[in-house]
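All residue numbers in this chain count up from 1 along the given sequence. The structure presented is a predicted model; accordingly, all values stated were derived computationally and were not measured. Atoms within each ligand, like the ligands themselves, are counted from 1 in listed order.
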Amino acid sequence: MKLYRTGDGNFIVHEGSSYRVPEHSWDALIAHDDLVGHLSCVATGLNRVADFAGAQILAPIGSQEVWAAGVTYYRSRAARMAESKDAGGGDFYDRVYSAERPELFFKATASRVASPGEAVRIRSDAKWSVPEPELTLVINPRGKIIGYTIGNDMSSRDIEGENPLYLPQAKVYDRSSALGPCVLISADPPPASTAIHLEIERAGKLEFSGTTTLAQLKRKPATLVDYLFRDNVFRSGAYLMTGTGIVPPDSFTLAAGDQVRITIDSIGRLENTVVQGAR
Ligand code: DO4
Ligand code: MG
């Protein structure tokens, strides 16, 4: 079952049919005691609609905070070690990759998140920027994973590489992330064979494409959530990006006008244009 947030209210797509969700509050849905049961009741003839193609698809988020895990794929470890070598940061990334405690960092408030089709931003003071395509966990206030969406953890690699202490500036700024297009409501994580694809198009040409699978994700989603919720309270629930396993070559940097497409089997496709610095 897929849950969409749109400019015309919330909808689910279930077994090929679309239904309007009478509940308007996204936060109330995320906090629901029995979301699957509730949405199954919604999926009746009474709420059926032909489609919701005319409605603008919005980022599937209410007032939740977005957090992110780092260095959860070997590819990310290698890229981070290389970019921070001169700053003496390489060792940190190697150590966190194999440590019991994962790297978790605050990524965005909902107001900093771009919806599908909107622009994501590269910082005006960054020279080396990449998108990071990440399976994103949707977690209710009680720390239970209720679904999965696609996240783009936009990152300024030159700023993060100059000094690991600059990580918040490399990661947290207006439109530094995108989420969508829907939440796959499921108690079980997608299978390890699930593919994540990244495509970056520039002036109509494919500039970069890469693929990974969830089999490469070193940490279990439940373990990441366990660390996130330790001694922490998320009254509206939280979103947790699980890290990137796709890093374009070091010669690549995003540019204004690029199109970023992230596809995750069974969830869908998140597509955004890129702007730099513009408000
Ligand atoms: O440690 C820096 C950030 C890592 C990250 O965002 C990732 O691995 O996806
Ligand atoms: Mg990331």
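Side-chain contact between Val260 and Leu254 is present, with at least one heavy-atom pair separated by less than 4.5 Å. Taking the side chain as every heavy atom from C-beta outward, Val130 and Thr253 never approach each other to under 4.5 Å. Contact of the Gln169 side chain with the Arg123 side chain is registered, since non-hydrogen atoms from C-beta on lie closer than 4.5 Å. Between Phe105 and Lys171, the closest side-chain pair of non-hydrogen atoms falls below 4.5 Å.
Around the Mg ion (ligand 2), the protein contributes the following N, O or S atoms at distances under 2.8 Å: Glu132 OE1, Glu134 OE2, Asp153 OD2.
Within the structure, ring-ring contact (aromatic ring centres under 6.0 Å, His included) pairs that include any residue of residues 151-210 do not occur (at least two apart or interchain).
Listed by chain and residue number, Arg261 satisfy the salt bridge (charged side-chain N to carboxylate O under 4.0 Å, His left out) test with Glu201 (two or more places apart in sequence, or in another chain).
In this structure, a donor-acceptor pair under 3.5 Å is present between the side chains of Ser76 and Arg80. Between the side chains of Ser177 and Asp153, no donor-acceptor pair of N or O atoms lies under 3.5 Å.
Ring pair Tyr19/Phe11: centre-to-centre distance not below 6.0 Å.
Listed as neighbours of ligand 1 are Ala69, Gly70, Val71, Ser76, Arg80, Tyr93, Glu103, Phe105, Glu132, Glu134, Asp153, Glu160, Leu167, Lys171, Gly243, Thr244, each bearing a heavy atom under 4.0 Å from the ligand.
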